[in-house]
Trainee: 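Encoded as structure tokens, here's the structure I'll be asking about.
Atoms considered below: every heavy atom in the structure, side chains included; atoms not considered: hydrogens, waters and symmetry mates.
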Amino acid sequence: MEFFEYREGGLSAEEVSLSEVASAVGTPCYVYSKRAFLSQLSALREAFAEADPLVCYSLKANSSLAICAALREAGAGFDIVSGGELFRALKIGADPATIGYAGVGKTEPEIERALDAEVLLFNVESVNEARAINHVASRMGVVARIALRLNPDVDANTHSYTTTGKKENKFGIEFSQARELIGVLRGLDAVDLAGFHLHLGSPISTVEPYLAGLGKLLPFIEEARSNGVDVRYINVGGGYAIEYGDNTTVGPAEYAAAIVPLAKKSGCKLIMEPGRFIIGNAGVLLTSVTYLKRTPTKAFAICDAAMNDLIRPALYGSYHRIWPVKTSLPVDAYDDPGGEGGQIVDVVGPVCESGDFFAKGRRLPDLSEGDLLAVFSAGAYGMTMGSNYNSRPRPCEVLIDGAEYRVIRRRETYDDLIRGEVF
Ligand SMILES: Cc1ncc(COP(=O)(O)O)c(C=O)c1O
């Protein structure tokens, strides 16, 4: 959030006023600060420097090509979970030797493309997936490097939909099953078990889940080594949290202080998969108030952005700070229902669902129709989770770089909505 500043004339990112961007490209639109996401990447790298990690940006957080290209130029690798994400990574010239392929349901055509591209590692989540990778690799006459994703049954204290390291989750392999799988892998010629992977959930705002997961993983690595496995990689996943305005989280230094000593002790190359930490607070969603509506009990600000543009509040009940782009009130007056001034409103979209909201019962300055609002912390899992629900064209995306800005994805048109359909 600190990358977006209120100056005279309203909210700006780097040297560009967001009112100016909205007048030029219309709303709703996503706006990202390049300086913001590059500085997040550097902050993580600096904190973890002692372990010299391979930082694989998790493309699912925001896979817009211009953003991925800028991160690649800055030296990031990529964490992918589908053939489509592989396509995007290769499109922006990512070095396949920096790509890790995760996900529970890789199909054979996806595996084949990734092998053809020579990605660094497949993070394997089941015995049948290992067999499928072996089958495809053997048909192609190559050997696939794999890391087993373990499920340490650790509670990451996230929303239940984004917890991935508990035994009831579909992710990862339980330790005794992983032991058996290591036995199975001995009989498979086309896979090379090169490491282990953990991803516990997202966002994880304390270090304890990482410590608990690694506390179980490290002895397992030793055991695997004593059974002849040449373990070279330890992947600690992503999940590094950001501040949304209603929470507190540790920062890169605290994550590193917990993880680096254990990674070094493992004697493995450290891989990390941050997504949200890099891009979450580097983006805002700009939206205009279409109508103000008052019922006998409530006030609504009905905006031109909706749940199809940013689904996190509807999906997870996520908090996003919202504030007018032009305001004379101090920003820290936000969201105190017991505070004074302004009004309490539900900030909602035009979609035909009561779940279509960005904030409920939020204190905002008095609004007028046409006012521009910024929905903060929208850089991660915003546009990538967008849809065309209610046949709404998806918004455009703008990248700010110093005093310059450019459209990095044009707004969809009605023709885009029906592309590929026949009747
Ligand atoms: C395997 C894996 N790695 C990394 C991430 C990125 O998480 P975050 O954006 O919270 O860093 C995810 C998110 O779902 C994931 O599933």
Trainee: Looking at P219 and G215, what are the two nearest heavy atoms and their distance?
Mentor: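 The pair with the smallest heavy-atom distance is CD-O, 3.1 Å.
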Trainee: Could you tell me whether the side chains of T107 and E110 share a donor-acceptor contact shorter than 3.5 Å?
Mentor: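 Yes - a donor-acceptor pair under 3.5 Å links their side chains.
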Trainee: Under 6.0 Å between ring centres, would you say that holds for F358 and H320?
Mentor: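 Between H320 and F358, which both carry aromatic rings, the centre distance is not below 6.0 Å.
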Trainee: Where the side chain of N227 meets the backbone of A224, is there a donor-acceptor pair that is under 3.5 Å apart?
Mentor: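 No, N227 side chain to A224 backbone: no donor-acceptor pair under 3.5 Å.
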Trainee: Taking the six-membered ring of F376 as reference, does the cationic atom of R321 (NZ for Lys, CZ for Arg) lie under 6.0 Å from its centre and within 45° of its axis?
Mentor: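 Yes, R321 and F376 form such a contact.
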Trainee: Does the distance from a Lys or Arg side-chain N to an Asp or Glu carboxylate O, for D79 and K60, drop under 4.0 Å?
Mentor: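 Result for this pair is yes, salt bridge flagged.
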Trainee: Identify the heavy atoms of V154 and A212 that sit nearest to each other, and give their distance.
Mentor: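 That closest heavy-atom pairing would be CG2-CB, 3.8 Å.
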Trainee: If I take atom CG from residue L417 and atom CZ from residue R394, how far apart are they, to the nearest 0.5 angstrom?
Mentor: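 Here the rounded value is 9.5 Å.
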Trainee: Kindly say whether A241 contributes a backbone atom to a donor-acceptor pair with the side chain of Y255 at under 3.5 angstrom?
Mentor: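 Indeed, once roles are kept as given, a pair shorter than 3.5 Å links the two residues.
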Trainee: Can you find a side-chain donor-acceptor pair between H197 and E125 that sits under 3.5 Å?
Mentor: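 No donor-acceptor contact under 3.5 Å links the two side chains.
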Trainee: Can you list the steps and then say if K264 with D52 is a salt bridge (charged side-chain N to carboxylate O under 4.0 Å, His left out)?
Mentor: CA-CA 10 Å; K264 285 176 76 180; D52 187 24; over 6 Å; no
Trainee: Between R392 and N308, do the side chains contain an N or O donor and an N or O acceptor separated by less than 3.5 Å?
Mentor: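 Yes.
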Trainee: Among V25, V407, V31, N62, whose side chain to side chain contact (heavy atoms under 4.5 Å, CB included) with E397 holds?
Mentor: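 So, applying the side chain to side chain contact (heavy atoms under 4.5 Å, CB included) to E397 and each of V25, V407, V31, N62, only N62 qualifies.
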Trainee: Which atom pair, heavy atoms only, marks the closest approach of G239 to H199?
Mentor: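 In this case the closest contact between G239 and H199 is N-CE1, 3.9 Å.
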Trainee: Under 4.5 Å between any side-chain heavy atoms of T162 and H159, yes or no?
Mentor: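 Sidechains of H159 and T162: in contact.
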Trainee: Would you indicate whether the side-chain heavy atoms of L54 and T98 approach each other to under 4.5 Å?
Mentor: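 Yes; the side chains approach each other to less than 4.5 Å.
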Trainee: Begin with the C-alpha distance, continue with both residues' side-chain angles, and end with the deciding distance and a verdict on ring pair (Phe, Tyr, Trp, His ring centres under 6.0 Å) for Y32 and Y405.
Mentor: CA-CA 9 Å; Y32 309 104; Y405 67 89; over 10 Å; no
Trainee: Does the pair K167/D155 count as a salt bridge with the N-to-O cut at 4.0 Å?
Mentor: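 The answer is no: the pair does not qualify as a salt bridge.
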Trainee: Within the supplied structure, the quantity of interest is the number of heavy atoms (other residues, nucleotides, ligands) at a distance under 6.0 Å from R113 CZ; does it exceed 12?
Mentor: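 No, the 6.0 Å shell around CZ holds no more than 12 heavy atoms from other groups.
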Trainee: Taking 4.0 angstrom as the limit, do E174 and R179 come out as a salt bridge?
Mentor: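 Looking at E174 and R179, the cut-off is not met.
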Trainee: Counting only heavy atoms not in E404, do more than 12 fall under 6.0 Å of its CD?
Mentor: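 12 or below, so no.
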Trainee: Does a side-chain heavy-atom distance below 4.5 Å link F4 with L18?
Mentor: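 The answer is yes, as the side chains (C-beta and beyond) meet within the 4.5 Å cut-off.
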Trainee: Hey, are T287 and T27 close enough side-chain-wise for a donor-acceptor pair under 3.5 Å?
Mentor: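 Not at all, the side chains of T27 and T287 share no donor-acceptor pair under 3.5 Å.
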Trainee: Report the residue from D230, V231, V229 that forms a side chain to side chain contact (heavy atoms under 4.5 Å, CB included) with L193.
Mentor: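 Output: one option passes, namely V229.
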Trainee: If you define the side chain from C-beta out and look only at heavy atoms, does anything of F196 sit under 4.5 Å from Y233?
Mentor: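 Side-chain contact under 4.5 Å: no.
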Trainee: For side chain to side chain donor-acceptor pair (under 3.5 Å), just list the numbers for Y57 and E273, CA-CA rounded to whole Å, side-chain angles, deciding distance to a tenth of an Å, and then say yes or no.
Mentor: CA-CA 5 Å; Y57 168 67; E273 301 171 337; over 6 Å; no
Trainee: How about CD on E118, more than 12 heavy atoms from neighbouring residues, nucleotides or ligands closer than 6.0 Å, or not?
Mentor: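 Counting neighbours around CD of E118, 12 or fewer heavy atoms of other residues, nucleotides or ligands fall under 6.0 Å, so no.
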Trainee: Quick one: pull up OG in S58 and CD in E85 and give me the separation to the nearest 0.5 Å.
Mentor: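 Output value for this atom pair is 7.0 Å.
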Trainee: Could you check whether atom CG of D189 has more than 12 heavy atoms from other residues, nucleotides or ligands sitting under 6.0 Å from it?
Mentor: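 No, the 6.0 Å shell around CG holds no more than 12 heavy atoms from other groups.
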Trainee: Between Y319 and R312, do the side chains contain an N or O donor and an N or O acceptor separated by less than 3.5 Å?
Mentor: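 No, no side-chain donor-acceptor contact under 3.5 Å.
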Trainee: Can you tell me if CD on E223 sees more than 12 non-hydrogen neighbours from other groups inside 6.0 Å?
Mentor: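 It does: E223 CD has more than 12 such atoms within range.
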Trainee: Is the closest basic N to carboxylate O distance between D416 and R419 below 4.0 Å?
Mentor: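 Salt bridge present between D416 and R419.
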Trainee: Atom CG of N128 and atom NE2 of H135: how far apart are they, to the nearest 0.5 Å?
Mentor: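 Going from the CG atom of N128 to the NE2 atom of H135 covers 13.0 Å.
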Trainee: Distance under 6.0 Å and angle within 45° of the ring axis: does K106 meet both against Y101?
Mentor: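 Yes, a cation-pi geometry holds between K106 and Y101.
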Trainee: Measure the spacing between CZ of R411 and OG1 of T413 and express it to the nearest 0.5 Å.
Mentor: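 Between R411 CZ and T413 OG1, I get 11.0 Å after rounding to 0.5 Å.
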Trainee: Taking the side chain as every heavy atom from C-beta outward, state whether N390 and C352 have any pair of such atoms under 4.5 Å apart.
Mentor: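 Result yes, sub-4.5 Å side-chain heavy-atom pair found.
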Trainee: Any salt bridge between E14 and K34, counting N to O under 4.0 Å?
Mentor: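 No, E14 and K34 are not salt-bridged.
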Trainee: Do we see a donor-acceptor contact under 3.5 Å between the side chains of N169 and T164?
Mentor: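 Looking only at side-chain atoms, T164 and N169 do not form any donor-acceptor pair under 3.5 Å.
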Trainee: Ignoring hydrogens, what is the shortest heavy-atom contact between G172 and N151? Give both atom names and the distance.
Mentor: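 Scanning both residues completely, I find the closest heavy atoms to be C-CB, 3.9 Å.
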Trainee: With a 4.5 Å heavy-atom cut-off, do N388 and E412 have their side chains touching?
Mentor: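 Yes, side chains in contact.
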Trainee: Restricting to non-hydrogen atoms, name the atom on P28 and the atom on P395 that form the minimum distance, rounded to 0.1 Å.
Mentor: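 Looking at all heavy atoms of both residues, the closest pair is O-CB, 3.2 Å.
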Trainee: What is the distance from atom CG of N134 to atom CD1 of I111, rounded to the nearest 0.5 Å?
Mentor: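 Answer for the CG-CD1 pair, N134 versus I111, is 10.5 Å.
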Trainee: Quick check against the 3.5 Å criterion: does S33 have a side-chain atom that pairs as donor or acceptor with the backbone of A13?
Mentor: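 Not confirmed, S33 side chain does not pair with A13 backbone.
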Trainee: Compare every heavy atom of L121 with every heavy atom of A147, then report the nearest pair and how far apart it is.
Mentor: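 Between these two residues, the closest heavy atoms are N-CD2, 4.0 Å.
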